Protein chains: 2
Amino acid sequence: MISGKFAITLHILTLLSKFPDDYLSSDFIAGSMNLHPVLVRKEIANLKKNNIVESKEGKNGGTRLLKSTSKITLDDIFKMTFDTVTLGFSKNKPNPDCPIGRQINENLENLYEDINQRIGLQLSGITLEDFSNKF
Amino acid sequence: MISGKFAITLHILTLLSKFPDDYLSSDFIAGSMNLHPVLVRKEIANLKKNNIVESKEGKNGGTRLLKSTSKITLDDIFKMTFDTVTLGFSKNKPNPDCPIGRQINENLENLYEDINQRIGLQLSGITLEDFSNKF
DNA sequence: AAAACTGTAACATTTTTTATTACTTTTAAA
DNA sequence: TTTAAAAGTAATAAAAAATGTTACAGTTTT
């Protein structure tokens, strides 16, 4: 999965930020986004791996934030849910005998690296707290 | 089609820039990227619509640049091949009774608009000539 | 013990992207 | 003046990616 992860994860975290003391169930969270609870749990698994949230199993279980909303940036979320933003590559092994084909992907890669650096910089200036305050 | 268009179009234009006086056939171009000629012609149709290239039908026909490589920026290409860069949305109609669900897409949209503005700014500083010179 | 959860793998479905075919039109050259 | 080599384009097919579902094991509270 690539697309969707960032938006789902940010949605989850925004919800958690509004109830910092409660364990929210994947069913409750899924209800807010009209999504299957299993997909929510998959993204929560990723958040746990990154020590952003903790979960409690069993009855009355659920998930809550581990870190302060002011200590989580959108760049953190970007990095843990998205590889890189790209505008596409030449995917069918371009002709190695053509000087353009031979180098196109390398040059695209360089370009996209720049783009991603700028996006990272921008997103690192926005905390989950900032984002959550918009609601 | 969304993905692929930018990379394919940039590849086409880079090739054309290396032979500014020749009409290159879609078959020749497709050969450089190991792609079906029909897909190449589709992207060329888009370039023609934007007055970047012209084509000649019939035997010995093909496509060539209409504009100077120093007058075409990567932002021009971005704008004509890509809607917007996003990190995804909540696509299943999030719950309108949830304050987060109700507003999530609007807030994501705002965020992505910023991202796209910055990408546009960056790409507008790179001409086709600049890019082509890397080969 | 029952109920309400999480965790996760396997599988199914849907959507998007990419590729192909088929056929029309145009032009240059033999 | 016929043939070959090209573009243009619509319709369809195939492949890949994303998303959704089921099923079931494990955990914790009541």
Side-chain angles (χ1 to χ4, degrees), chain A residues 1-9 11-12 15-16 19 22-31 33-50 52-64 66 81-94, chain B residues 1-9 11-12 15-16 19 22-31 33-50 52-66 81-84 86-94:
Chain A
M1 191 198 289
I2 289 186
S3 167
K5 288 187 77 163
F6 176 84
I8 294 171
T9 299
H11 196 148
I12 293 169
L15 277 170
L16 294 179
F19 304 93
D22 299 334
Y23 285 93
L24 302 187
S25 76
S26 63
D27 242 65
F28 174 83
I29 295 171
M33 44 186 117
N34 194 11
L35 204 68
H36 204 281
V38 169
L39 296 178
V40 172
R41 294 206 284 274
K42 274 182 191 166
E43 296 317 318
I44 284 174
N46 189 29
L47 285 167
K48 285 173 62 181
K49 206 172 65 193
N50 286 278
I52 307 293
V53 305
E54 62 177 352
S55 294
K56 208 171 64 174
E57 293 188 19
K59 191 164 181 179
N60 298 336
T63 300
R64 71 173 181 185
L66 261 184
T81 58
F82 227 92
D83 260 8
T84 47
V85 167
T86 85
L87 308 179
F89 289 99
S90 197
K91 44 194 319 192
N92 297 346
K93 291 198 195 124
Chain B
M1 193 198 287
I2 290 186
S3 168
K5 289 186 78 162
F6 176 84
I8 293 170
T9 300
H11 196 148
I12 293 169
L15 277 170
L16 294 180
F19 304 92
D22 299 334
Y23 286 93
L24 303 186
S25 76
S26 63
D27 243 66
F28 174 83
I29 295 172
M33 46 186 115
N34 193 12
L35 204 68
H36 203 281
V38 170
L39 297 179
V40 172
R41 293 206 285 272
K42 274 182 191 163
E43 295 319 317
I44 284 174
N46 189 30
L47 284 167
K48 284 173 61 181
K49 206 172 64 194
N50 286 278
I52 306 293
V53 304
E54 63 176 352
S55 295
K56 208 172 62 174
E57 293 189 20
K59 191 163 182 179
N60 298 336
T63 301
R64 69 173 182 185
L65 279 176
L66 262 185
T81 57
F82 227 92
D83 260 9
T84 47
T86 85
L87 308 178
F89 289 99
S90 196
K91 45 194 315 192
N92 298 344
K93 290 195 195 131

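Just so we're on the same page: letters track the sequence lines, and every chain starts at 1. Worth saying up front: this structure is predicted, and the values here are computed from it rather than measured.
- For the side-chain contact (heavy atoms from CB on, under 4.5 Å) with K5(A), the lone residue among L39(A), T81(A), D83(A) that qualifies is T81(A).
- For N60(A), no side-chain nitrogen or oxygen approaches OP1 or OP2 of dA3(C) to under 4.0 Å.
- Put simply, CG on N46(B) is 17 Å from P on dA7(D), counting in whole angstrom units.
- Atom NZ of K48(A) is separated from atom P of dT27(D) by 12 Å (rounded to the nearest Å).
- Atom-to-atom, NZ of K56(B) to P of dA5(D) comes out at 16 Å; the value is rounded to the nearest Å.
- With rounding to whole Å, K49(A) atom NZ is found 14 Å from dT8(C) atom C1'.
- Between dG7(C) and K42(A), no contact under 4.0 Å exists linking OP1 or OP2 to a side-chain N or O.
- A side-chain contact (heavy atoms from CB on, under 4.5 Å) with V40(B) is found for one member of I12(B), T63(B), T9(B), L24(B) and no other, namely I12(B).
- Two residues are said to be in side-chain contact when any heavy atoms from C-beta on lie closer than 4.5 Å; V85(A) and L87(B) meet this criterion.
- Nearest heavy-atom pair across Y23(B) and G62(B) is CD2-O, 3.5 Å.
- Protein atom CD1 of I12(B) is 13 Å distant from nucleotide atom C1' of dA7(D), rounded to whole Å.
- The side chain of E57(A) approaches dG26(D) more closely than any other nucleotide in the set dA22(C), dG26(D), dA19(C).
- Put simply, NZ on K93(B) is 17 Å from C1' on dT19(D), counting in whole angstrom units.
- Counting all heavy atoms, side chain and backbone alike, A30(B) lies closest to H36(B) at CB-C, 4.2 Å.
- Among the nucleotides dT28(D), dT27(C), dA23(D), the one closest to the side chain of K59(A) is dT28(D).
- Closest to the side chain of H36(A), from the set dA7(D), dT18(C), dG20(D), is dG20(D).
- Taking atom CD1 of residue I29(B) and atom P of nucleotide dG8(D), one finds them 11 Å apart after rounding to whole Å.
- When each of G58(A) and V38(A) is assigned the nucleotide of DNA chain C bearing its nearest heavy atom, the one mapping closer to the 5' terminus is G58(A).
- Contacts of S26(A) with the nucleic acid, taken as non-hydrogen atoms under 4.0 Å apart, involve only primed sugar atoms and P, OP1 or OP2.
- With distances taken from any side-chain atom of R41(A) to the nucleotides dT28(D), dA23(D), dT27(D), the minimum falls on dA23(D).
- Rounded to a whole Å, the CG atom of D27(B) is 17 Å from the P atom of dA4(D).
- Here dA6(D) is the nucleotide among dT21(C), dG8(D), dA6(D) with the atom lying nearest to any side-chain atom of S25(B).
- Each of dT29(D), dA22(C), dT18(C) was ranked by its minimum atom distance to the side chain of K91(A); first place goes to dT18(C).
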